[in-house]
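This structure is a prediction, so every number in the text was calculated from the model and none was measured.
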Amino acid sequence: VVEETRALLGERVVTVQVKESRAHMAAESVHPKVARARLRDAAARVLHDRPAVPPLRVATPTTVEVTLARPVYADLAAMIDDVTRVDGRTVRFTRADMLNAYRVLRLITVLCSTPV
């Protein structure tokens, strides 16, 4: 996420990495006290220095493509109007703006948290 954020917003954006993915459903995290301290320090730096970071502008219409953990989740997501199956685990959809794209993405997230 840190690399993606810097690619989108530039090197001046302040990020804090508190965990690192090791596998599906597994991550190595710093202790919560350490994470809180790092986040607090970064927030204080940003408030003090106010780096010039451009706002993220999402093009409209907004197209989202997401690869899901299991094919059954893509089966569920493909039941939503205008969500297209790209491959076994990937779906794609386009909405008029980011708010509506987020709503569909949130629905897919809820569907994927349902035991199947």
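Put simply, CG on D87 and CD on E65 are 7.5 Å apart, with the number rounded to the nearest 0.5 Å. Here L111 contributes atom CG and R106 contributes atom CZ; the two are 10.5 Å apart, rounded to the nearest 0.5 Å. In this structure, the separation between CD on E4 and CG on L9 is 11.0 Å, given to the nearest 0.5 Å. Atom CD of E3 sits about 12.0 Å away from atom CG of L8, to the nearest 0.5 Å. Considering CG of D75 and CZ of R89, their distance stands at 12.5 Å, rounded to 0.5 Å.
For the residue pair T62 and A101, the shortest heavy atom distance occurs at CG2-CB, 3.9 Å. Closest approach of R85 and A74 over heavy atoms only: NE-CB, 3.3 Å. D82 and F93 get closest at one heavy-atom pair: O-CB, 3.6 Å.
Annotation: R22, atom CZ; neighbour count of heavy atoms from other residues, nucleotides and ligands within 6.0 Å is above 12.
Between R103 and L107 the shortest side-chain heavy-atom distance does not fall below 4.5 Å. D41 places none of its side-chain heavy atoms less than 4.5 Å from the side chain of R38. R92 places none of its side-chain heavy atoms less than 4.5 Å from the side chain of V83.
The closest donor-acceptor contact from the side chain of Y73 to the backbone of L68 lies at 3.5 Å or more, if one exists at all. For the pair T90 (side chain) and V86 (backbone), a donor-acceptor distance under 3.5 Å is absent. In this structure, the side chain of D49 does not engage the main chain of P51 through any donor-acceptor pair within 3.5 Å.
A continuous path of Ile, Leu, Val, Met, Phe, Trp and Tyr side chains, each step under 4.5 Å between heavy atoms, connects V72 with M79, placing both in one hydrophobic cluster. Under the 4.5 Å side-chain heavy-atom criterion for Ile, Leu, Val, Met, Phe, Trp and Tyr, V18 and V1 are members of distinct hydrophobic clusters. Residues L105 and V110 are members of separate hydrophobic clusters, defined by side-chain heavy-atom contacts under 4.5 angstrom among Ile, Leu, Val, Met, Phe, Trp and Tyr. Both L76 and I80 belong to a single network of hydrophobic side chains, linked directly or stepwise wherever heavy atoms of I, L, V, M, F, W or Y lie under 4.5 Å apart. Connection of V34 to V16 is established within a shared hydrophobic cluster, with ILVMFWY side chains joined at heavy-atom distances below 4.5 Å, either directly or through further cluster members.
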Quiz item: Is there a side chain to side chain contact (heavy atoms under 4.5 Å, CB included) between V104 and V64 once you walk through the steps?
Solution: CA-CA 9 Å; V104 174; V64 176; over 6 Å; no
Exercise. Begin from the C-alpha positions of K19 and V30 and carry the test side chain to side chain contact (heavy atoms under 4.5 Å, CB included) through to its verdict.
Key: CA-CA 6 Å; K19 67 181 175 180; V30 300; over 6 Å; no
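The closest side-chain donor-acceptor pair between T15 and R6 falls under 3.5 angstrom.
Taking Ile, Leu, Val, Met, Phe, Trp and Tyr as hydrophobic and joining them when side-chain heavy atoms fall under 4.5 Å apart, one finds V14 in a cluster with V46.
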